[in-house]
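Let me begin by presenting the structure, written as structure tokens, before commenting on it.
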Amino acid sequence: MQLRQGDKMLHSCKYCGRVHGEDYVCKKKPIVKKKIDDAAKFRNTAVWKDMRDKIKRRDKYFCQICIRGLYGTWRKYNCENLQVHHAIPINSNHELKLEDSNLITLCSMHHSMCDKGQIPYEEVKRIIEQGQV
């Protein structure tokens, strides 16, 4: 329920049931802490940053799907917005998180497509095994 008091909007608080101004933060409101998963913590380590750079160098700083002209490529020699993708996600297998054979350089579009399953794992693995073009 909302009420007006002068220029301020008032509303019924779902945490304590009292009426507060719209900018009031109720002391009964629970504090929600964001849980940072292990994969997110790992991506901030120096070890990962070094490996990420190594994989980009290995792949000659090109998206390995764009250079093959696959999956909606609009620019063959795409070296913009590069990311390093884990073919098998970190949370699925921690042992592969630093394995060359599980990592590939992709542009942000193809990385997103891989994460959504629009590019099959088998295709990504085949490209990694082929090496850079």
Side-chain angles (χ1 to χ4, degrees):
M1 181 173 104
Q2 292 186 341
L3 302 170
R4 198 177 258 302
Q5 182 183 43
D7 290 343
K8 286 190 173 184
M9 276 301 256
L10 301 174
H11 69 277
S12 175
C13 179
K14 66 180 179 181
Y15 303 108
C16 70
R18 296 181 11 202
V19 175
H20 303 295
E22 63 187 344
D23 55 349
Y24 180 81
V25 178
C26 183
K27 291 174 179 44
K28 299 266 184 181
K29 181 179 178 181
I31 297 172
V32 178
K33 293 183 180 181
K34 280 189 173 179
K35 184 179 177 184
I36 299 173
D37 68 358
D38 291 337
K41 287 179 187 175
F42 169 72
R43 287 187 187 97
N44 289 318
T45 65
V47 173
W48 168 245
K49 290 175 184 177
D50 290 344
M51 178 56 83
R52 182 184 64 198
D53 292 342
K54 176 185 170 190
I55 296 303
K56 286 180 183 180
R57 274 192 311 275
R58 177 197 74 188
D59 293 342
K60 307 289 191 237
Y61 296 94
F62 289 118
C63 171
Q64 294 300 298
I65 292 179
C66 285
I67 205 163
R68 288 168 172 80
L70 304 171
Y71 297 97
T73 293
W74 58 273
R75 182 174 166 190
K76 182 171 180 161
Y77 298 104
N78 189 357
C79 58
E80 295 181 10
N81 300 316
L82 296 179
Q83 302 169 354
V84 175
H85 173 68
H86 288 85
I88 298 174
I90 296 170
N91 292 331
S92 296
N93 188 334
H94 291 281
E95 294 174 14
L96 296 176
K97 66 185 176 187
L98 292 170
E99 289 295 320
D100 291 12
S101 62
N102 190 46
L103 300 169
I104 186 171
T105 304
L106 300 175
C107 65
S108 58
M109 179 185 80
H110 287 126
H111 193 181
S112 176
M113 290 174 73
C114 285
D115 287 344
K116 293 175 185 172
Q118 295 170 338
I119 301 174
Y121 161 78
E122 294 77 18
E123 180 79 12
V124 174
K125 200 66 177 157
R126 184 184 60 76
I127 293 169
I128 293 171
E129 289 168 0
Q130 281 179 352
Q132 72 275 359
V133 173

- Check: Ile128 and Asn102 side chains under 4.5 Å, non-hydrogen atoms: no

- Task: Indicate yes or no: at least one non-hydrogen side-chain atom of Cys26 is less than 4.5 angstrom from one of His20.
- Result: yes

- Note on the structure: In His111, His85, Met113, the residue satisfying side chain to side chain contact (heavy atoms under 4.5 Å, CB included) with Ile119 is Met113

- Task: Please tell me if the side chains of Ile127 and Glu123 come closer than 4.5 Å, counting only heavy atoms from C-beta onward.
- Result: yes

- Task: For atom CZ of Arg18, decide whether the heavy atoms of other residues, nucleotides or ligands shown that lie under 6.0 angstrom number more than 12.
- Result: no

- Checking Thr45 side chain against Trp48 main chain: does a donor-acceptor pair fall under 3.5 Å? yes

- Message: Any side-chain to backbone donor/acceptor pair from Thr73 onto Leu70? Under 3.5 Å, distance only.
- Response: yes

- Within the side chain of Arg58, is there an N or O that forms a donor-acceptor pair under 3.5 Å with the backbone of Asp100? yes

- Is Asn78 reaching over with its side chain to a backbone N or O of Cys63, donor-acceptor style, under 3.5 angstrom? no

- Has the side chain of His110 got a donor or acceptor atom that lies under 3.5 Å from a matching backbone atom of Tyr71? yes

- Side chains of Thr105 and Arg52: closer than 4.5 Å at any heavy-atom pair? no

- Note: Glu122-Lys125 ion pair, threshold 4.0 Å (strictly below): no

